[in-house]
Amino acid sequence: MKLFGRNRSYSNEITAEHSGEPVSIAGWVHEKRDLGGLFFLLVRDREGLAQVTLHKREVDRELFEQARKVPRESVVAIDGIIKGEPKAPGGYELLPKRIEVLSVASYDLPLDPTGKVGAELDTRLDARFMDLRSERTKHIFIIRSQVLKAIRDFLNERGFIEINTPKIVSAATEGGTALFPISYFEREAFLNQSPQLYKQMLIASGFDKVFEIAPIFRAEEHDTTKHLNEAMSVDIEVAFVSAEEVMRILEELIAFVYSKVALYPGLDSVTTQLEVPKIPFQRIRYDEAIELLADAGEPIEWGDDLSTSAEHKLGARIGAHYFITEWPRAIKPFYAQPIEDKETTNAFDLMHPRLELASGSQRVHSYELLKQNIESKGLSAASFAFYLDAFRYGMPPHAGWGLGVERLLMSMLGIENVREVVLFPRDRRRLVP
RNA sequence: GCCCGGGUGGUGUAGCGGCCUAUCAUUGAGCCCUGUCGAGGCUCGGACUCGGGUUCAAAUCCCGACCUGGGCGCCA
């Protein structure tokens, strides 16, 4: 096979100025248009489409028939001559010398990559490999890649150290959510719900600014457009700062990511309504939120978490990203720093008008207070010894947050279902592919 | 976990007791066509999730299973 010696060009690298030059392309047969004496083969690669044109009278009968017979979505490598042609899409076409069919596609495609006939999300997820051949889906995942890059660039630029903490953990957990049990040799273990305890332990190490981008696992049987059982979380933890400082990092990061994505050329095929949010984001205290909601006819008892419709009402009222701060102790985890003489904590949630994106807090760094907090939540301090020990030998004050990557993406791109922004989502029902 | 929808050719759909030998689009096969760009025209092929029940008659009504969409709760 000559293939590997070939100098392959992407479809967008070829222009009319190269007219007359030989070129090799490779990709998938996107569409065929048979006009009788004239035949067009549209070949798709990662960067776009190239039109291959065959004049019946001017090419070998064999080559003409080969082009006519190759099934859609087959993989081909084509050698030919570039011809500038104003009538062709992209201003050029390819007059083929040789068509190599590298892989013949079966004709009963599970979905239509040209997008002429729609498909339900479930069908698309079953055939994700093919769904990714469509413009919109492809761009969603390139944007996802760029979002992750932007986050890394941003945090690296600010002196953060990227860490990796274990995803297989023993039972001790911050509580709140259900865990997936797994078999770990002769013991039971669990998939980690978040890197929280480990990233805090790293603060005691002297790595005073850390971040992790990694999966988190939640065994909740929720079955909604906003929840996944395996999600990607961006977590940071910073020493010697307060909640306000990590909130600033968070809003700057969000604005930075939006500004990067806004520049992405393929954005239009996903959304036309991306606007870089203005910072700083509005901060409202939990008790102010409760008051606003009472006015809006959505009474919430002080001390209760906000319901979905309460989140939506507040979001509609504010109409932009905002922080809710100073949450009651009872609904925040043991590591959230209580505010002296109050029933509240220095914890915050970052909200998008449609959904919650992140939550964080000033952390408890006193060993005694932390131990007391763990016990008052009904947990056993003994099983947290590995974590608590890090607070006994010099733990600086610190703060941090966790941000859901999928929620950031869906809210940024105006996508309704979180499964759309995960290649192979894991939810209550879906374990395959 | 609770509540409400839905499963019809490969894909997306219409039909919701007899007029169904099941609609339309797209895909596929074949034919016509030398500038298509959601090409066009003609011909053909291809489907009622499964099991039980009601009825003279079931894609259509009822029950169960499986799959699935949405809302709420929980949760991030």
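Per chain, numbering begins at 1; letters A, B, ... match sequence-line order.
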Nearest whole angstrom, please: distance from the [atom2] of [N] to the [atom1] of [X].
| X | N | atom1 | atom2 | result |
| --- | --- | --- | --- | --- |
| A:Gln51 | B:G38 | CD | P | 12 Å |
| A:Asp34 | B:U27 | CG | C1' | 16 Å |
| A:Lys116 | B:U36 | NZ | P | 15 Å |
| A:Tyr107 | B:U26 | OH | C1' | 15 Å |
| A:Leu35 | B:U34 | CG | P | 8 Å |
| A:Met130 | B:G10 | CE | P | 16 Å |
| A:Phe39 | B:C37 | CZ | C1' | 14 Å |
| A:Arg57 | B:C33 | CZ | P | 11 Å |

Report yes if a donor N or O on one partner sits less than 3.5 Å from an acceptor N or O on the other, where the partners are the side chain of A:Glu93 and the base of B:G35; otherwise report no.
yes

Is there a donor N/O on one and an acceptor N/O on the other, under 3.5 Å, for the side chain of A:His227 and the base of B:C75?
yes

So, for A:Phe281 and A:Tyr322, is the gap between ring centers shorter than 6.0 Å?
no

Cation-pi check, A:Arg152 to A:Phe154: give yes when NZ or CZ is under 6.0 Å from the six-membered ring centre and within 45° of the ring axis, no otherwise.
no

Would you say A:Lys69 places a side-chain N or O within less than 4.0 Å of OP1 or OP2 belonging to B:G30?
yes

Could you give the distance separating [M] and [N] at their [atom1] atoms, to the nearest angstrom?
| N | M | atom1 | result |
| --- | --- | --- | --- |
| B:G46 | B:G28 | C1' | 9 Å |
| B:C67 | B:U26 | P | 34 Å |
| B:A58 | B:C20 | C1' | 12 Å |
| B:C48 | B:A22 | C1' | 8 Å |
| B:C74 | B:G12 | P | 34 Å |

CZ (A:Arg128) and CZ (A:Arg419) are apart, to the nearest 0.5 Å, by 11.0 Å

For A:Asp305 and A:Gly36, find the nucleotide of RNA chain B closest to each by heavy atoms; which residue's nucleotide sits nearer the 5' end?
A:Gly36

How would you label the contact of [X] with the nucleic acid (heavy atoms, under 4.0 Å): base, sugar-phosphate, or nothing?
| X | answer |
| --- | --- |
| A:Ser307 | sugar-phosphate |
| A:Pro89 | base |
| A:Gly404 | nothing |
| A:Ala231 | base |
| A:Leu228 | base |

Does a side-chain N-to-carboxylate-O contact under 4.0 Å join [X] and [Y]?
| X | Y | result |
| --- | --- | --- |
| A:Arg430 | A:Asp126 | yes |
| A:Asp295 | A:Lys313 | no |
| A:Arg248 | A:Glu245 | no |

Of A:Trp327, A:Tyr286, A:Phe323, A:Trp401, which is the lone residue that meets ring pair (Phe, Tyr, Trp, His ring centres under 6.0 Å) with A:Phe348?
A:Phe323

For RNA chain B, which residues in residues 275-292 of chain A have a heavy atom at a distance below 4.0 Å?
none

For A:Pro71 and A:Val29, which heavy atoms make the closest approach, and how far apart are they?
O-CB, 3.9 Å

Closest to the A:Thr123 side chain, choosing from B:G12, B:U27, B:A76:
B:G12

Among B:C72, B:U34, B:G28, the one nearest any side-chain atom of A:Arg72 is B:G28

pair A:Leu306-A:Ile324: side-chain heavy atoms closer than 4.5 Å
yes

Note, A:Asn346 side chain near A:Arg363 side chain (heavy atom, < 4.5 Å)
no

Side chain to side chain contact (heavy atoms under 4.5 Å, CB included) evaluation trace for A:Asn12 with A:Asp45
CA-CA 9 Å; A:Asn12 67 339; A:Asp45 62 21; 5.9 Å; no

Extract from the structure each pairing of a protein N or O with an N or O of nucleotides 66-71 of chain B at less than 3.5 Å, listing the distance.
unit_1	atom_1	unit_2	atom_2	d
B:G69	OP2	A:Arg429	NH1	3.4
B:G70	OP1	A:Asn417	ND2	3.1

